[in-house]
Amino acid sequence: MLTLPSSVRIHLACQPVDMRKSFDGLSMLARQVLREDPLSGHLFVFFNRTRDMVKVLWWHSGGFCLFSKRLEKGSFRLPRPLAEDSSALTLEAVELTLLLEGIDLKASVRRPRWQPPPLKSAA
C-alpha cells in the first residue's frame, strides 16, 4: 500500500507520453502540460499510449525520484473517464495504489464521506 501524507497531491497526465523521457523531460511536462511545479513534492503520473507502462516522478530531498512499472500483459485502467480537452486528473493515494495493482475503479462505488464546508472569506 502506498502511504503518503495528505498534503501530497497526485497529478495524472491525461495525454500519453513518450516513455523514453526521463527526469528532465518529465519534469518539463509537469511544468508545461500539467501546469504544476515539479519541485513541489507532489507525484506526477505518466502513461504511454497503450497504457502498459507508467512512470511516476517525485521530488524528494534535493533530487528527483522516478518509479516505473511495465505490464507484461494487459493495461492500466484509469479510474474515471477523461474529457477530451483535459490535460490532468488529480488522484487520491488509494486510487493510484489500486490502479497500479490492476483493479478497475470504474466498476467501484465510492460511499459518501463527510467533507468540511468551504471556508467563508471575511469581507
Please report the closest heavy-atom contact between Trp114 and Pro117, naming both atoms and the distance. CZ2-CD, 4.1 Å

Minimum-distance pair of heavy atoms, taken over all atoms of Cys65 and Phe23: C-CE2, 4.1 Å

Shortest non-hydrogen pair, Trp59 vs Pro38, comes out as CB-O, 3.4 Å

State, yes or no, whether a side-chain contact exists between Leu26 and Val17 at a heavy-atom distance under 4.5 Å. yes

When rounded to the nearest 0.5 angstrom, what is the spacing between CG in Leu34 and NE2 in His42? 12.0 Å

Answer yes or no: is there a donor N or O on one side and an acceptor on the other, between the side chain of Asp18 and the main chain of Lys21, under 3.5 Å? no

Find the distance between CZ (Arg9) and OG1 (Thr90) and round it off to the nearest 0.5 Å. 7.0 Å

Could you state the interatomic distance from OG (Ser27) to CD (Gln32), rounded to the nearest 0.5 Å? 9.5 Å

For a quick test of reading the model, state the closest non-hydrogen atom pair linking Phe47 to Leu99 and the distance between them. CZ-CD2, 3.4 Å

Grouping I, L, V, M, F, W and Y whenever their side-chain heavy atoms are under 4.5 Å apart, do Phe44 and Leu12 come out in a common cluster? no

Taking all heavy atoms of Val8 and all of Gly41, pick out the closest pair and write down the distance. CG1-O, 3.8 Å

Mind checking the CE-CG spacing from Met19 to Asp52? Nearest 0.5 Å is all I need. 9.5 Å

Asp37 versus Arg31: any side-chain heavy-atom pair under 4.5 Å? yes

Shared hydrophobic cluster, Trp58 / Val33 (ILVMFWY, side-chain heavy atoms < 4.5 Å): no

Can you get from Val54 to Leu66 by hopping between Ile, Leu, Val, Met, Phe, Trp and Tyr side chains that sit under 4.5 Å apart? no

Got a list of side-chain donor-acceptor pairs under 3.5 Å for residues 67-79, not counting sequence neighbours?
unit_1, atom_1, unit_2, atom_2, d
Lys69, NZ, Leu100, O, 2.8
Arg70, NE, Glu72, OE2, 3.2
Arg70, NH2, Glu72, OE2, 2.8

Please round to the nearest 0.5 Å and tell me the distance separating atom CG of Leu96 and atom CD of Glu101. 10.0 Å

Heavy-atom side-chain contact between Thr97 and Ile103 under 4.5 Å: no

Testing the basics here: between Phe46 and Leu29, what is the closest heavy-atom pair and its distance to 0.1 Å? CE2-CB, 4.0 Å

To the nearest 0.5 Å, what is the distance between CG (Leu98) and CG (Leu91)? 10.5 Å

Any side-chain heavy atom of Val45 within less than 4.5 Å of one from Leu89? no

